[in-house]
Amino acid sequence: MNISWQNVKSIYTREINNYFNTAIGYVFLLIFSLFINFLFLYLPNFWDVNSISMENFFSWMRIVYLFLIPAITMRLWSEEKKTGTIEVLLTLPYQTLETILGKYLSALSFLGFALGSTIFIPIFLGTIGSPDWMLIAGGYIGLILLGASYIALGLLISWYTQDQIIALLITIAVCFLFFIMGYPPFLQFMGFLSPIISFISVSWHFDSLARGMLDTRDIIFFISFILLFLYLNYHSIENKK
Amino acid sequence: MNDLMEKFKNSKKVTLWLIIMLFFTVNWLSYSLYIRFDLSASGRFKLTSASKKILRNLPEKATIEAYFSNDISEAYMQPVKQLRDFLEEYSSSSRGRVKLVYLNPDDDEKIQQKARSLGIQPMPLGSVDRKKREVSKVFLSLVIYYEDKTQVIPDILRQSQALEYFLTANIYKMAHPGEHTVGLLETDSEFSKDSRDNPFHSLEILDRSLSSFYGNMMPVKADVDEIPSNISVLFVSDPKKLTEIEKFNLDQYIMRGGKLILAMNGLDINFNNLIATAKTPDTLAFFKNYGIDIKPDLVFDAKNYIPFRQPVNVIQTIELPYPVWLAASEEFLSQDSLMTQNFQFIVFPWASSVSIESARIKDSQITPLASSSPVSWTKSDGLYISPEILKDSLDNVPDKSTMAKQSLAFHIKGKFNSFYSGKPLPQGKKNYISESINPAEIVVVSSPFTFTNNIQPIHIGQNLNINFFLSILDIMNGLDELVKSRNRSQMVSPAIGPIDLWMKNIIVFLNFLLPLVFIVGYAILRIIGRKKVSALTYTSQKNESISTGESHV
C-alpha cells in the first residue's frame, strides 16, 4: 500500500480549514485557553501552593481532554455523513488510509494549536523562578501522546454516527472509560481482571510521563493504541465500501 | 485446503483479530525489554552515582527477595508499580551485583512459610472509598541477603520516600560491618538516647535514624578508659561538666586524629523556669583550647525563625514570634560543603554564637557551615525564654548597626595542641600526646537541640536536621558520595520567591491575555491571508473571463 502524501495533504488542508475558517474554532480555543488558565491559577490557588511546577496543569489537562478531544473529533466523519459528502469523499481517487491520516493529522494539529496557547504558562513560570524544564517537556510529550490516542479513538467513534452531538457524547463516555480504567473506584469492580484493565488505561500510562519519567513501555502503549484505533477506523470504512 | 488458506489470509476479520492480538503482544513484550529516561533535572527517578558505585563495588553479590502480593488494593496499585519499577532499575544498575527475585506468597504455602520464618507477616493495607472501608492483608516486604547475613524490611511502602538510600545503606552496612561506628560520649549531660522526660533532650530518633546505616550509637564512657579506637566518629552532646579524666581521654582522642561532632551552646536552658543561664566556664574553656569559642549567649534572628504555636483552646493555636528558634535558610547554609548543600533549612533551637580561633589550629581548614541572617543579635546570661516574654522582642530590636550574621556551625580540620600542654596531667596519667599526630576533624554546632526529638512546630525541620547529622557522619567517614543519595530524597519542587502583589496581578492578567492575543492574532492573520487569496482568485477569474469574452455582473 503506497500512501500519497500529496493526497494526505489535500485532505489535511481541507480539514484544517474547516477548523479555522469559521469563528467557532477560535471561540472554542478562546474558551479552552481561559478555562485551563483559570483551573491552573485558581484551583488550587497557584500562589498559595507556592511551587514552580506544572503538575497541577497536567492533572487538570487530563480532565479537560475528556471534553476537548471529543469536541475536536466529533465532526470529522459524522458531518460528512450528515451532509452526504462522505459518498463523494470515498469515491475520490484517495485511498482510505490517506483520508484517515489527513483527518487524523488535522485534528492533531488543532490540538497542537490549543496546547500552543498554553505555552505562556511555562514562560511565566520561568520569569518567577527556575522550573524543571525537562519535567515540563515530559508533561507536554505525555499530553500530546494522550491527545493523539483520544483523537484516534474519537475518529473511529465519529465514523459510526451521523450526528455530531451523539459522536461527542459517545466519545466523552468512551474516553472517560479509558481514563477511569486506571483508577481504584473502577478497578474495584473488575476483580481478577483489574491488572489487564489498568494496563489498557491511558491515564495509567500518562501518569509516568506527567511525573517526568519517559518509559518505552508507555510510548509503545500510546503508539500501538493510536495505530490500533486508526486501523479499526480503516477496517470499518473498508467494510462499508 | 489451499483455497481455505487463501480465504483465511484474505479474511478481514482474521486480520482484525490479528491486529488486536498484535497490540497486546507488543505491549506485553515491551514489559520484558524497556528503557526509562528520567527527565527531571534532579534525576529523582534514577539511581545516584553514589549508589551505583557502592553496588558495583560490592565484594560479594547481594540478593533482594521481594515478597509482593499480586492482589494489591487498587488504591496502592500505582505506588506498588513505581516500587517494582524502582527495584528493577536498582538491580539492573548494579551490573549483576544485586539480584532481584520476586516471590508472590498469595497462593503459595511454601513461600508463605518461608516468609513467616523470616518474620514477615502480611500487613494490613487500607483504602477508603465513599461507601466502604476496605482493609486487605498483603505482603509488601523485602529481604536482603549478603553472604550469611539477612536483613528484613517488613514494610517497604513506609520507606518508599527514601528507598534508594535505605537499600544502599543496608547493603553497605552488611558488606562492611563495623567499619563505621558512631560513639556517643556518656557524661554529665541531660542529653541521651534514652531520655524520656523531655523530648528536647532525647536523641532517640537520631539513634534510630542512624541504625539503618551506622548501627546504633555506641555508648562511650571516657571517665575510666581511653576512647576506643574502633569509634570512627564521636558525638558529644552538651556536656555540663567534664571530669579531668574525661577531658584527658577526649583530648588524647583528638590528638590521635579523632573525629568529633560537638553540639553545644553557651547557656543552659532551664525548662522549669524558662530561663537560660550561664554554663560552667570550665567546659567552654576546655573546647576553647581547640579554637572553638562558644559564647555564653543566645542568638536572636528577626528574619529566620520558627514561630511558637501557643494553644488558645483545644482546637486553635496562635503563632507567637520566637526569634530564638533559628531556621538557617539555604542562603545562610554553606553551599560549598556537602554537609549543608541542598538543604532548604536547618533548625537551630536556642543556639549560641560561635567563632573559631584559627591561630590555635595548625594546617587548618575551617568551613563556616551555617549562620543566622544579618538581622541578628545576641543576648547573654539570665535570659527569659518564655514565648510570652520573647514575643515582643521583635518590637524592640537593637540598632541595625549592632546587628550582624552570627555563626552557628563550623567544620574544622587541622592539628591541635593538647589541652594539657604545660598543665599538670590528671592523677594516674603519666604520658600524653602533646600535639596532634594526625589531623583531627571537628564539627561544632552551637545548639545541642539541633539533633534531638523536637516538638511541634519545629519538628518540621527534624528530618532535615537528622539528615544534616547523617551528612556530617558520611563526610567524616569519607562517604561523600552517599550524601548525594540521601539528600535527593529531601528535594522538593522549587518554591516561588517573594513577589509583590501588583506583580502577581500582572502575571495573572498576562497569563489570561497573551493566549487570547495569540489566538485572535492568528485569526486576523488567517482572515487577511484568505482575503488576499480570494482577491487574487477573483482577479485571475476576471482576467480569464475578459480574455474569453464573458461578462461579469
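Owing to the predicted nature of the structure, the values given are computational and were not obtained by experimental measurement. Every heavy atom of this structure was used, including side-chain atoms; hydrogens, water molecules and symmetry mates were not. Letters A, B, ... are given to chains in the order of the sequence lines, protein chains preceding strands, and every chain is numbered from 1.
Among residues two or more places apart in sequence or in another chain, the side chain to side chain donor-acceptor pair (under 3.5 Å) test is passed with A:Tyr42 by none. Legend: residues meeting ring pair (Phe, Tyr, Trp, His ring centres under 6.0 Å) with A:Trp60, ordered by chain and number and at least two apart, are absent.
Contacts between B:Ile527 and chain A at a heavy-atom distance below 4.5 Å are absent for every atom of the residue. Heavy atoms of A:Phe221 lying under 4.5 Å from chain B belong to its backbone as well as its side chain. Of the two parts of A:Leu41, only the side chain, counted from C-beta on, holds a non-hydrogen atom closer than 4.5 Å to a non-hydrogen atom of chain B. For A:Phe120, the parts lying near chain B are the backbone and the side chain together; criterion is any non-hydrogen pair under 4.5 Å.
Of the residues considered (A:Asn17, A:Asp218, A:Leu125, A:Leu227), A:Asn17 shows the highest number of contacts with chain B, using heavy-atom pairs under 4.5 Å. Options A:Ile123, A:Leu30, A:Leu29 differ in how many heavy-atom pairs under 4.5 Å they form with chain B, and the most are formed by A:Leu30. Interface remark: of the candidates B:Leu29, B:Leu22, B:Ile19, B:Ile19 forms the most heavy-atom pairs closer than 4.5 Å to chain A. Considering only heavy-atom pairs separated by less than 4.5 Å from chain A, the leading option among B:Ile507, B:Val520, B:Asn27, B:Ile20 is B:Asn27.
Using a 30° and 60° split on the angle between ring planes, A:Phe222 and A:His205 fall in the perpendicular class, above 60°.
When each of A:Ile128, A:Asn56, A:Ile121 is tested with A:Phe46 by the rule side-chain contact (heavy atoms from CB on, under 4.5 Å), just one qualifies, namely A:Ile128.
Ring centers of A:Phe20 and A:Phe113: under 6.0 Å apart, within the cut-off.
Of all heavy-atom pairs between A:Leu153 and A:Phe178, the closest is CD2-CD1, 3.8 Å.
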